[in-house]
Amino acid sequence: MKKIETTCVHGGYVPKNGEPRQTPIIQSTTFKYDSSEEMAKLFDLEASGYFYSRLQNPTCDYVAAKIAQLEGGSAAMLTSSGQAANFYAVFNIATCGDHVVASSTIYGGTYNLFAVTMKKMGVEFTFVAPDCSEEELNAAFRPNTKAVFGETIANPAVNVLDIEKFAKAAHAHGVPLIVDNTFATPVNCRPIEWGADIVTHSTTKYMDGHGSAVGGAIVDSGKFDWMAHAEKFPGLCKPDDSYHGIVYAEKFGKEGAFITKATAQLMRDFGSVQSPQSAFLLNLGLESLHVRMQRHCENAQKIAEFLQSHKNVSWVTYCGLKGDKCYELGQKYLSNGSCGVLSFGVKGGRKAAEKVMDSLRLIPIETHVADARSCCLHPASATHRQMNDEELVAAGVKPELIRLSVGIENIDDLIADIKQALDALDK
Ligand SMILES: *Cc1c(COP(=O)(O)O)cnc(C)c1O
């Protein structure tokens, strides 16, 4: 296998002699065939090929193949968004009457998907603190538990998941671990190497990296033995009536069953496809992912250290800081760096945080993270503005918390901007 930097540039699409150098955008909904027999084989999953872009499209498949290589997986698919990726990854194995164990510090949109929308679909979730003991984690499992879910680096809490601890508990109960690797990206962490079975992404964030296309991806490690737990996973191990009784785990093996089923059933029925145009933009982002991640991490580390030294800052959360509660986990799982997102508290509470945000000149306020351009958000006056100060503290979002997504600009310019905004509190 090639090194990760080379895969970022060359993975996925490999042109043959005389073919386009850049990944072609196959802007076609459909594909032509000469015989009805060939078409029938595609519909029966007897042959692989393209027939309709809701199921599969070559451009999307090239980019999915690159992401599978980056994560060290056996197969991957693109989805229209990170939300769709997490929904498909879980719903592919947990349906009405099933149960899932999830880390409590996950992205708000994913929490809502699990705790509200999937609950209405009959899937129950138990949320556990990411730093819980092994005993507490094991106690969360039920006979109908079908998966465990967590984020490598949580958005926005930025705590680091102990992937090995979660994988061990999942495997002891015969279920896979699904890890959302959006913030770390495969450049900084490959969860499969630590025991994760399925990896998901909001490609909207660092993978795209330029705020240009919403998208998602699911990668299968190809390692989970569905057939060894066939009674838990009837969707993969029992005949599928909508495909003439195909048994995915038999026909496509450990390496192909999960992604084939998610494509053939969930993409077919829900249709959350990524467009070939978006996949092309995503691929441009992937070509420089390794270079950008390095700069994001260098800049964030320097800003975290600067913030720590400023008298108007009360606390900083970033796993690259010695003394951070996730420093050791960060050193273990993210030894090359974590990501560009950090959070900090300003002395003086909500009002002071608002004043700092309004004083920033280079760094704008945006509901976005993980972009080449730095941006910041004050959750208490944006995403969590309906809550009062007590409710905010209960939700783990302090009123003075500012979430900063550090971009790849010049570090001196960024620090100068943050410094003048913090100094403005003294005026
Ligand atoms: C943004 C995000 C999502 C949701 O992704 P969308 O592309 O916005 O649908 C899921 N997980 C994490 C960790 C995220 O940061």
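Both ligands and their constituent atoms are indexed starting at 1 by order of listing. If you're wondering where the values come from, they're calculated on a predicted model, not measured in any experiment.
Applying the side chain to side chain donor-acceptor pair (under 3.5 Å) test to every pair with at least one member in residues 210-233, sequence neighbours left out, gives these pairs: D208-S212.
No side-chain donor from either of R54 and T29 sits under 3.5 Å from a side-chain acceptor of the other. Counting only N and O atoms by type, the side chains of T263 and T260 include no donor and acceptor under 3.5 Å apart.
Here the rule is side-chain contact (heavy atoms from CB on, under 4.5 Å) with I415, and of I303, N410, N299, L307 only I303 fits it.
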Atom pairs and distances, side-chain donor-acceptor, residues 315-323, under 3.5 Å, sequence neighbours left out:
unit_1 : atom_1 : unit_2 : atom_2 : d
W315   : NE1    : E400   : OE2    : 3.1
Y318   : OH     : S338   : OG     : 3.4
Y318   : OH     : C339   : O      : 2.6

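Considering only residues two or more places apart in sequence or on other chains, E136 meets the salt bridge (Lys or Arg N to Asp or Glu O under 4.0 Å) condition with none of them.
Within 4.0 Å of ligand 1, protein heavy atoms belong to S81, G82, Q83, N86, Y107, T110, E151, N155, D180, T182, F183, S202, T204, K205, V214, G215, listed by chain and number.
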